[in-house]
Protein chains: 2
Amino acid sequence: MKAEHINPFLRSVVNTFSTMLSCEARRGEITLAKSNTQSYPISGVIGLSGKAAGTVVINLSQEVALKAASAMLMTELTSLDDDVIDAVGELANMVAGQAKAELEEYELSVSLPNVITGGGHEIRFPSDAQPITVPFDTDFGPLLLVVGLMPVCEPVSA
Amino acid sequence: MKAEHINPFLRSVVNTFSTMLSCEARRGEITLAKSNTQSYPISGVIGLSGKAAGTVVINLSQEVALKAASAMLMTELTSLDDDVIDAVGELANMVAGQAKAELEEYELSVSLPNVITGGGHEIRFPSDAQPITVPFDTDFGPLLLVVGLMPVCEPVSA
């Protein structure tokens with residue numbers, strides 16, 4: 001993906017955490033990872049399609065997931081139940097949704113969000129997709145944003 | 001998702017395996033699984049979006065993934081390298097692509113395919129998505145197809 005396309009996603013993480021969770025998120029250094037070894041056991045994943053095809057991953061520890069879900073739902077959640085899973089999916093949805101609005105030229109729409117659980121899971125991208133990984137340090141703890149986005153070459157009917 | 005919408009995906013698995021891999025795939029019984037505990041360690045995942053939002057998952061053992069990739073690339077592959085990962089993603093892409101052509105009313109397009117690896121990973125859907133799981137018995141071994149698809153309520157601009 002083109003490096004300049006990562007910026008809407010970076011802004012979106014900061015805005016989503018600030019407005020939805022009242023939580024500050026500070027971005028770290030961008031890395032180009034060929035294979036994405038996920039560092040945390042919970043990933044919110046959402047697909048993007050339109051004139052580009054992509055995937056947005058928010059990779060979280062259980063602690064960050066519980067704190068974020070508790071803030072979103074304004075109740076204290078202590079185990080990885082359906083509410084927390086839905087909240088992590090919704091977080092991925094909000095990050096993707098806000099970013100796609102800034103990437104108008106691709107007329108993107110979002111798939112269903114999924115949440116992958118399981119320590120040691122890896123989310124791998126097509127070998128030509130060159131996803132970008134960005135660590136964030138938030139008031140809830142650290143997380144990773146992984147984004148891959150590729151223009152679609154075939155004509156897309158309106 | 002509506003049960004009748006699963007049929008294009010079932011046909012697509014059978015057709016894709018037959019035409020691309022020269023492999024017969026026989027479907028088993030459809031189940032409605034609330035939470036999708038993935039039974040095999042490799043999942044090809046692709047998002048669908050348009051007038052509906054969805055996810056298609058092809059869940060495979062390493063053995064089936066290697067045999068399918070070897071058949072697609074017409075060479076014998078013995079370890080889970082980038083070629084195999086790309087082939088599993090492409091398999092998910094073909095299954096989703098053929099099915100979306102039959103679901104014209106939703107004007108679906110596909111996200112980037114991702115491949116999730118890691119024994120014990122679970123792919124969870126939003127709690128209101130009601131994904132459908134269908135086991136297949138193929139000449140390469142067993143696999144699972146998991147599909148969730150929900151109409152999008154907001155107006156979609158063309």
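The sequence lines fix the lettering, A, B, ..., with proteins before strands; numbering per chain opens at 1.
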If you measure from [atom1] on [X] to [atom2] on [Y], what distance do you get to the nearest 0.5 Å?
{"X": "I123(B)", "Y": "N114(A)", "atom1": "CD1", "atom2": "CG", "result": "6.5 Å"}
{"X": "I116(B)", "Y": "S43(A)", "atom1": "CD1", "atom2": "OG", "result": "7.5 Å"}
{"X": "E122(B)", "Y": "T117(A)", "atom1": "CD", "atom2": "OG1", "result": "4.5 Å"}

Query raised in the report: For I85(B), is it the side chain, the backbone, both or neither that has a heavy atom under 4.5 Å from a heavy atom of chain A?
Result: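 Answer is side chain: those atoms of I85(B) sit under 4.5 Å from chain A.
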Report task. Check the pair M150(A), L112(B) against side chain to side chain contact (heavy atoms under 4.5 Å, CB included), reporting the backbone distance first and the verdict last. Result -> CA-CA 8 Å; M150(A) 292 173 81; L112(B) 277 187; 3.7 Å; yes
Query raised in the report: For chain A, which of G89(B), G54(B), G148(B) has the most heavy-atom pairs under 4.5 Å?
Result: G54(B)
Report summary line: Looking only at P113(B), G119(B), A129(B), the option with the highest number of non-hydrogen pairs under 4.5 Å against chain A is P113(B)
Query raised in the report: Given the rule in the side-chain hydrogen bond (donor to acceptor under 3.5 Å, both in side chains) test, do D82(A) and S127(B) qualify, once you have shown the distances and angles that lead to the verdict?
Result: CA-CA 7 Å; D82(A) 282 354; S127(B) 54; 5.5 Å; no
Within 6.0 angstrom of [X] [atom1], more than 12 heavy atoms from elsewhere:
{"X": "E105(B)", "atom1": "CD", "result": "yes"}
{"X": "E76(A)", "atom1": "CD", "result": "no"}
{"X": "E4(A)", "atom1": "CD", "result": "yes"}

Query raised in the report: Do you know which two heavy atoms are closest between S109(B) and G50(A), and how far apart they sit?
Result: OG-N, 3.8 Å
**Report entry** Partner chain B: residue of A52(A), A53(A), G47(A) with the largest heavy-atom pair count (under 4.5 Å)
**Finding:** A53(A)
Requested in this report: Check the pair S111(A) / S111(B) against side-chain hydrogen bond (donor to acceptor under 3.5 Å, both in side chains), numbers first and verdict last.
Outcome: CA-CA 8 Å; S111(A) 76; S111(B) 75; 5.4 Å; no
Query raised in the report: Is a salt bridge present between D86(B) and R124(A), judged by a nitrogen-to-oxygen distance below 4.0 Å?
Result: no
